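First comes the structure, then the notes that go with it.
None of these values were measured; they are calculated from a predicted model.
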Amino acid sequence: MSSWNRQKKYIISRSQRSYIEPEEIFFDAKIKQDSISGELVDSRLEVPISFDNFKLLALSISVAGLIMFTYDFYLQYSLGEKFALQAQNNNTRIQSIKAPRGIIYDRNMQPLVTNEPSFDVVAIPKDLPISMEDLDIQIKNLSDTIGVSANELKVVIEGIDRMSITPVILKENLDKNIALLLESKINDFQGIKVEKNAVRDYKDSVMFSHVVGYAAKISNKELRDKSGYLPTDYIGKMGIEHSYEDTLRGENGRYVINLDARHNILIENMEREARIGDGVVLSIDANLQKRAYELLEEAQKNTDLGASLIAMNPRS
């Protein structure tokens, strides 16, 4: 067969068609002419991939895997505790049940200080409305209810960490009637609650203040320096209240509430009851102290000079 005929057998007539079939393209691509003999020979369409390409692919996968492993290790071990705490904060609220402070007595078990009920309005920053418009409306309504200006409330709220679940005081020592009014419509205030507390009532404070001292809300500095306190706790500042703080303070209770994604309550559990602080008994005789004060007060009325009192025989 001549060379022309051998070439001709590969020719496909397209006289009856106006288009080219896909297989014709591949068929032509598979035919090439031998440069020496001039014969038409088949040629492979596939081109072998260089092994260097596989090396590059393997290296890329290895680097990507190492980066992912390193980042996963960083998330698990470096930030794992932080993320776990955030996740817990999202669905768990822990309410502190305040423990009343212990009573201070004289030698005859006569109380020199007692506890009186008190009410504080506090905010849970993370539970406050996210929308600034809703927050402004709530601040206005809360201002009208508790009698604190909206600007004062806004200043306090703007200065707190909005992701925190630590209570922040908005108003302390709230009047009992106002506290009951706020409690009756507390569901209208997102992230706001009334916290029951106890304040100290010092009996005959003028006579015993230099000994008993006093307790007040913990300061920011004390909160940083001491552990186990909340911003709403009281702490001894002077006198016996300060010296016997660890004895008098007691232990707050814990009430745990689990919430769903919509902040609906799922489970409520009293984890720990509040434990009242221990009492302290002094060697002071309250009646004798009062009598001494009365004598000093009477003596000072009759002279421009100061006065002092000496117990000649303290046993009698």
Side-chain donor/acceptor pairs under 3.5 Å, residues 279-288, sequence neighbours excluded:
from	atom 1	to	atom 2	distance (Å)
D285	OD1	N287	N	3.1
D285	OD1	L288	N	3.1

> Rounded to the nearest 0.5 Å, how far does CD1 of I235 lie from OG of S219?
Replying inline: 7.5 Å
>> Please enumerate all residues that pass side chain to side chain donor-acceptor pair (under 3.5 Å) together with K226, with sequence neighbours excluded.
In response: none
> Linking Ile, Leu, Val, Met, Phe, Trp and Tyr by side-chain heavy atoms under 4.5 Å, what else ends up with V168?
Replying inline: F119, V121, L128, M132, L135, I139, L142, I146, V148, L153, V156, I157, I160, L170, L174, I178, L182, I186, F189, I192, V194
>> Test: salt bridge (charged side-chain N to carboxylate O under 4.0 Å, His left out). Region: residues 200-215. Which pairs qualify, not counting sequence neighbours?
In response: R200-E241, D201-K203, D204-K290
> Do M109 and I103 sit in the same hydrophobic cluster, where Ile, Leu, Val, Met, Phe, Trp and Tyr count as joined when their side-chain heavy atoms come under 4.5 Å apart?
Replying inline: yes
> Would you find a donor on one side and an acceptor on the other, under 3.5 Å apart, between the side chain of R249 and the backbone of G277?
Replying inline: no
>> Quick one, V206 with Y293, criterion side-chain contact (heavy atoms from CB on, under 4.5 Å). Give me CA distance, side-chain angles, the key distance, then yes/no.
In response: CA-CA 9 Å; V206 176; Y293 181 83; 3.2 Å; yes
>> Just verifying a value: how many Å separate T232 OG1 and K98 NZ, rounded to the nearest 0.5 Å?
In response: 2.5 Å
> Given a cutoff of under 4.5 Å between side-chain heavy atoms of I, L, V, M, F, W and Y, with clusters grown through shared members, what are the other residues clustered with L181?
Replying inline: none
> Which ILVMFWY residues can you reach from I276 by hopping between side chains whose heavy atoms are under 4.5 Å apart?
Replying inline: none
> Ignoring hydrogens and geometry, is there a side-chain-to-backbone donor-acceptor pair from E251 to R275 under 3.5 Å?
Replying inline: no
>> Applying salt bridge (charged side-chain N to carboxylate O under 4.0 Å, His left out) as the test, list every pair that has at least one member in residues 164-175; sequence neighbours left out.
In response: E172-K217
> Which value, rounded to the nearest 0.5 Å, describes the distance between R101 atom CZ and T247 atom OG1?
Replying inline: 10.0 Å
>> Is it the case that the side chain of D106 and the backbone of N108 share a donor-acceptor pair, with hydrogens and angles ignored and the cut-off at 3.5 Å?
In response: yes
>> Quick check for you: to the nearest 0.5 Å, what is the distance between K237 atom NZ and I218 atom CD1?
In response: 7.0 Å
> To the nearest 0.5 Å, how far apart are CG in D120 and CG in N173?
Replying inline: 6.0 Å
> Which hydrophobic side chains are connected to I169, either touching it within the sub-4.5 Å cutoff or through other members that do?
Replying inline: V122
> Any donor-acceptor pair under 3.5 Å linking the side chain of Q138 with the backbone of Q190?
Replying inline: yes
>> Filter on salt bridge (charged side-chain N to carboxylate O under 4.0 Å, His left out), then keep only pairs touching residues 129-141, sequence neighbours left out; what's left?
In response: D136-K154, K140-D144
>> Checking E183 now: which residues fulfil side chain to side chain donor-acceptor pair (under 3.5 Å) with it, not counting sequence neighbours?
In response: K196
> Do the side chains of Y234 and I240 join up, straight or via other hydrophobic residues, at under 4.5 Å, putting them in one cluster?
Replying inline: no
>> Quick check: is I97 connected to L230 through a chain of hydrophobic side chains (ILVMFWY, heavy atoms under 4.5 Å apart)?
In response: no
>> My understanding is that only residues two or more places apart in sequence, or in another chain, count here; which of them pass side-chain contact (heavy atoms from CB on, under 4.5 Å) with V155?
In response: none
> Sequence neighbours excluded, which residues qualify as side-chain contact (heavy atoms from CB on, under 4.5 Å) partners of A292?
Replying inline: L309
> Is there a chain of hydrophobic side chains (I, L, V, M, F, W, Y, each step under 4.5 Å between heavy atoms) that links Y214 to V199?
Replying inline: no
